[in-house]
Amino acid sequence: MSQDSRAFRDALGQFATGVAVVTARDAKGEAVGLTINSFASVSLDPPLVLWSLDRASDRFQAFMHAEHFAVNVLGDDCTALSQRLSRKGERGLDGEALTKGKHDLPLLERALSHFECSVEARHDGGDHVIFVGRVLSFGHNAKRKPLLYFRGHYRALSDG
């Protein structure tokens, strides 16, 4: 890349994103979670979504071995959870209210929406792996506001 990586990150930061936590079960069957802002819809028919995982993540192996995952879209009351699960070494969901989804997936009760997926494909994406998931089931709560991320900071959606 001809420009420095900080400038590239700053340019990317001009795109406001939602914030989500991807959950799965690790090889020991324990619930793991990871904060992401790379979630996107791919296709309605079949229903496909994607997210990307940093190869340097301490949860890389857990997600690479998982055949199912859930994307939990966070509300504006979940900043602390998002911050915690974005740090290395903070992979557990202890203390979070969870429900069990299909395929024994942990779902965050506070999520605005969740998408339970089977892994459709994994693609090389440079220093990340791009996961494409086939949505098996989903749910949502339309009464709350989303958690947003813009220019390196959490933001709130205003009514105005």
Practice problem: Give the cluster check for L93 versus F69: same hydrophobic cluster or not, with ILVMFWY residues linked at side-chain heavy-atom distances below 4.5 Å. | Solution: no

Quiz item: Do you know which two heavy atoms are closest between G33 and V21, and how far apart they sit?
Solution: CA-CG1, 4.1 Å

Quiz item: Any donor and acceptor pair, going by atom type alone, linking the side chain of R25 with main-chain N or O of D104 inside 3.5 Å?
Solution: yes

Quiz item: What do you reckon, are the aromatic ring centroids of F115 and W51 less than 6.0 Å apart?
Solution: no

Quiz item: Of L85, L148, L81, which is the lone residue that meets side chain to side chain contact (heavy atoms under 4.5 Å, CB included) with L74?
Solution: L81

Quiz item: So, S52 side chain and S38 main chain: donor-acceptor pair closer than 3.5 Å or not?
Solution: no

Quiz item: Judged by modelled atom types alone, do E109 and T99 share a side-chain donor-acceptor pair under 3.5 Å?
Solution: no

Quiz item: Parallel, tilted or perpendicular: which fits the ring planes of F131 and F63, with parallel below 30° and perpendicular above 60°?
Solution: perpendicular

Quiz item: Within the side chain of R122, is there an N or O that forms a donor-acceptor pair under 3.5 Å with the backbone of M64?
Solution: yes

Exercise. Please answer whether the main-chain N or O of P106 pairs with a side-chain N or O of T23 as donor and acceptor at a distance below 3.5 Å.
Key: yes

Practice problem: Is it possible for you to say whether L147 and Y149 belong to one hydrophobic cluster, with membership spreading through side-chain heavy-atom contacts below 4.5 Å? | Solution: yes

Quiz item: Would you say L105 and V135 are hydrophobically clustered, going by side-chain heavy atoms of ILVMFWY under 4.5 Å?
Solution: no

Quiz item: So, does R144 use its side chain to make a donor-acceptor pair with the main chain of R110 at under 3.5 Å?
Solution: yes

Quiz item: Ion pair present between R55 and D124, side-chain N to carboxylate O less than 4.0 angstrom?
Solution: yes

Quiz item: Quick one: do I36 and L53 end up in the same hydrophobic cluster if we chain Ile, Leu, Val, Met, Phe, Trp and Tyr together by side-chain heavy atoms under 4.5 Å apart?
Solution: yes

